[in-house]
Structure formats: C-alpha cells, structure tokens
K.L.:
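Just dropping this structure here.
Note that the numbering runs from 1 along the sequence shown for the chain.
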Amino acid sequence: MATVEWSDDEFLDEVDMNSLPVSGNIFHDKQYLTLSRSLSFSDPALQARANNELNRDETAEKREERERIFKRYDQGRSKTDDIEPWEEPTFSYYMKKDEYGFIHDKVIPMEPTDRKKMEKNQIREKKWYKMCEYWKKTGQMPEDLKARVWKGCPNSMRGEVWPLLLQIKAIKEENEKAHGIGVYEKMKNMARERSPDIRQIDLDVHRTYRNHEMFQLKYCVMQQKLFYVLAAYSMYNTQVGYCQGMANVVALLLMYMQNEEDVFWALTALLRGGRYLMNDLYIPSLPKLFRFFDHHMVLRKKFVPSVHKHFKKIDMEPQLYATKWFLQCYLDKLPFSLALRVWDIFLVEGEEIESAMAITILRTFKKAFVKANDEQINTFLSSLHEKQLDEEKIIDNLSETLLELRKTRMSHLPPPPPPSPTTLAKMTNNNSRNHHGNSNMSGAESLPNIQQTAYKVKKKKKRKHVEVPEMEITSL
C-alpha cells in the first residue's frame, strides 16, 4: 500500500472531493481529510490517479520552461527585455577583431608579412574558386583537392569547400526522398513540443564563443541559429539527443556556412558519415571517446616512448588532456587558425587525423614534456590555444605522423568490442520503441553512403619532428 504525503492546503487543492469513492480509507469528511497529513490508497486506480496529478504538474512545469526558452529565441534580441547587464560583453574603442572574427582587448597591428600573405591568398582564392566551380558543375571531386587542402584552404573559401566535402546537397536530397520536404522544420517543431534537452542547450549556447563577433550578443541571430540547429538535431537523432561539445562544432560550422538548415545536415554528415562517424562520441557513456583514449595509449607507447614513460610515471592519463582533442577535433585546444587547418584536413581524410594530431602534439613538445610535472603540462596544454605556433611545421609533422600510422596500419581505431547481451537487449528495445510517436523521422538510415576517396600522399624525405625549447613549459 503506497502512502502519499500532502500538506493541508495542497491536499484540498489537488483532491476532487466529489470524485472520491465512498469505500476503503477514503471519506467525504473534508474536515477529516484536512487534519490528515498523509493518505494511504488501497485502491490502485486512485493511487495511479494521484501519481498522475503529481506527474502532470511536473510535466506542465517542464513544458512551460521549454516554451519560455523557445519564445526568447523566437523573439530575438530586439524584442527581448530580460537581458541582464552582466550578461553582455564589455567593449571599448581599443578592442579589435582578428581575421576570424574573434574580439581581442588590444589593437592588432597589421605587419608587412600579413600584407604579403593577403596578396598570396588572393591568388590562391582564384584557383580555389575555379576548382569549386568545376566540382559543382561536374559533381566530381578534383584530383588535386586533398593536396591543396594540406597546403592550406583560404579562409574565405571554407564556406564553399566544407559543404562540398560534407556532401550536404546529397544528404538533404536523400532525406527529402525518404521523409518529404521540410525535415529540418519538422524537427524544430518537434523539439518545441517535446525535446528533453532544451534547458541544457540553452545553457551551452550562452557559453559558446562569446568572444566571437557572431555570438557575443545574447539572443542574437547566430545564437538563434545555434539554438535551433541543436534543438532540431536532438529530435532527429534521438540516440544522441544533445551532448556537451556539439555546440562548439555547430558554432564553427555556422561561422562558415551560416545557413542553419545546411549546418543541420552538415552535423548529420559528421555524426553519421562513413568518413567521420562522430555519433558514438556523443551517445551516453561516450564509448568512442574511450576507444580513442585506449588507441592513443597504444600509439603513445609506440611512437613517443619517452613521453609515454614519463606520463605513466606522473599518472598523466589521456582523459586529463585529450578529451576535447577527440570530442571537438581540437577546437579550443589549438590556436584557432591551426584548428581550422586541422578541420580542413579532418573533413578530407576523416577520423584518423584525430589520433595522428594527438601524437604530433606530443612529438612537437617532447623535450619539454619529459622534464615537466603534471601541473606544468596541464597548464601548458590548457593554454596552448593562446600561443603562437609555427603552423606550417606542425602540419608537416602531422603529415609525417599520418604516413607512419598508415604504414603500420594503426591510423584507424580498432573495431569496437561486440556488445554484451544486456547492452544488445537495450539497443533492441530502444530501436523498436516509437520515440514520441515519430520514430520514422530518424534520419540515420536515410543518409547516403559517404565513401572515403583513396588518396595517395607524396612520399617526403624523412626528417625529424620540430620540437619547442624546454623553457616554453618549464617557465610557466
């Protein structure tokens, strides 16, 4: 027999006296019920009804919160009146944005080398533009594309190149054939009605790249797009829903693509595309992240044994420094310009770049790492994105590392272990369940098979990896 605790006023508000049966422990005596602080239901139907009342209140509260959050984003910045002063970034006339849109607290001088770089980029942009036009016209990836990506993609061309690499047009067409036009809008509407992840998405949107011109103002247009894409995807791929780390990836895509529906399909390609397969990085328990950790330990021991030995001695496990490396493909962990180049290569080569880049970082700073303690290493790696690095040398090192990993057939993650009977049973139950009455809208099975094109890397003369001086870490 279950017992429900009521306060005097709550009980009278919640229980309809005329609907109670005259049997068991239930009485029509209102005074008796007022004095009673607990009520035991012998009737299971009545107990279920009382529980439903409590659940209905809780569900209504969540629904109101979800509707309130959506309303703020629907209104946008101009009509929102609940923004606190402390929620806005402080500006001054001396602040200036860099070429990527990030705001700094001092004027960024334009050096003569920057002007030469701009002139060189203009020539390269024309070549990239012609290549993209050929790609769009013929539907065939240019033979020299990957070689060009390794040399460097002009920043102004990423908005053209990334959608082509991710095959957004093909993915969208396949989904429209399977589910009809307007899948993205349907997912947004479903999220508005029932997504359980809205509160966490709202919190993370306001933490994402607030030092970037596109996302610095609360409820601005780009924050709206970021929120809508994450909300819609939480319903489109219910296996993932929403996971922290996805917001930075979507924000990066929005910086260069800006069309929110295209970004939605780009996220779909990243999580489900055969070259990237990021889905298992974000599902509950993050199984692929731990597979990356295990594989990284094997590679670390083989390719940087001195660092591996020292890290083992000071208990420096991959979880302490490599989580965002793998979860966000180095966003926020490398200087933004270098992280962009890693993303360019990642979109061409696939997930094997993530393991190769991890070994490249350890090799590049090897001499400093083996003489530093755990606190110094953590401090250094957590501030690596603020340092000025020789990007060309690091990309060269990455190319060499990738060649070595491929030569030893260690560039890809080992296959995941077979699921246990318990896990298999849960997966079967989840797949058979009609999620909110709309399981047919899951887009996983409708994705086109994105095959990785074979790419021959030119053999380079063997050389040593470039390392930084020891003082760069030990002086911290």
K.L.:
Side-chain contact, heavy-atom cut-off 4.5 Å: M297 with D294?
P.N.:
no
K.L.:
Can the ring centres of Y73 and F70 be said to be less than 6.0 Å apart?
P.N.:
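Between Y73 and F70, the centre distance exceeds or equals 6.0 Å.
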K.L.:
Determine, using ring centers only, whether Y233 and Y242 are less than 6.0 Å apart.
P.N.:
no
K.L.:
Under 4.0 Å between a Lys/Arg side-chain N and an Asp/Glu carboxylate O for K169 and D262?
P.N.:
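Salt bridge between K169 and D262, a charged N being under 4.0 Å from a carboxylate O: no.
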K.L.:
Hydrogens and angles aside, do W162 and D344 bring a side-chain donor and acceptor to less than 3.5 Å of each other?
P.N.:
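Indeed, the side chains of W162 and D344 share at least one donor-acceptor pair under 3.5 Å.
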K.L.:
Answer yes if the ring centres of Y276 and F346 are under 6.0 angstrom apart, and no otherwise.
P.N.:
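So the answer is yes for these two rings.
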K.L.:
State plainly whether the residues E349 and R275 are in salt-bridge range, i.e. N to O under 4.0 Å.
P.N.:
no
K.L.:
Does a side chain donor of either D332 or Y209 reach within less than 3.5 Å of an acceptor in the other side chain?
P.N.:
yes
K.L.:
Answer whether the closest heavy-atom distance between the side chains of Y236 and Y184 falls below 4.5 Å.
P.N.:
no
K.L.:
Counting heavy atoms not belonging to I181, are there more than 12 under 6.0 Å from its CD1?
P.N.:
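Not more than 12 within 6.0 Å, no.
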K.L.:
Under the side-chain hydrogen bond (donor to acceptor under 3.5 Å, both in side chains) criterion, do N237 and Y282 qualify, and how do the steps go?
P.N.:
CA-CA 11 Å; N237 184 350; Y282 299 127; over 6 Å; no
K.L.:
Just to verify, what does S382 make a side-chain contact (heavy atoms from CB on, under 4.5 Å) with, not counting sequence neighbours?
P.N.:
none
K.L.:
Could you go step by step and tell me if F365 and F380 meet the ring-ring contact (aromatic ring centres under 6.0 Å, His included) rule?
P.N.:
CA-CA 10 Å; F365 303 104; F380 176 78; 5.0 Å; yes
K.L.:
Show the numbers, then the answer: is there a salt bridge (Lys or Arg N to Asp or Glu O under 4.0 Å) between R199 and E65?
P.N.:
CA-CA 8 Å; R199 187 170 185 271; E65 180 187 44; 3.1 Å; yes
K.L.:
Please determine whether a side-chain nitrogen of the Lys or Arg among E261 and K172 lies less than 4.0 Å from a carboxylate oxygen of the Asp or Glu.
P.N.:
yes
K.L.:
Check whether any side-chain heavy atom of R192 sits under 4.5 Å from a side-chain heavy atom of D74, and report yes or no.
P.N.:
yes
K.L.:
Does a side-chain heavy-atom distance below 4.5 Å link N248 with K324?
P.N.:
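They are not in side-chain contact.
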K.L.:
Got a sec, which residues hit ring pair (Phe, Tyr, Trp, His ring centres under 6.0 Å) with F336, two or more places apart in sequence or on another chain?
P.N.:
Y100, F102
K.L.:
Is the gap between the ring centers of H296 and Y321 under 6.0 Å?
P.N.:
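Centroid separation for H296 and Y321: below 6.0 Å.
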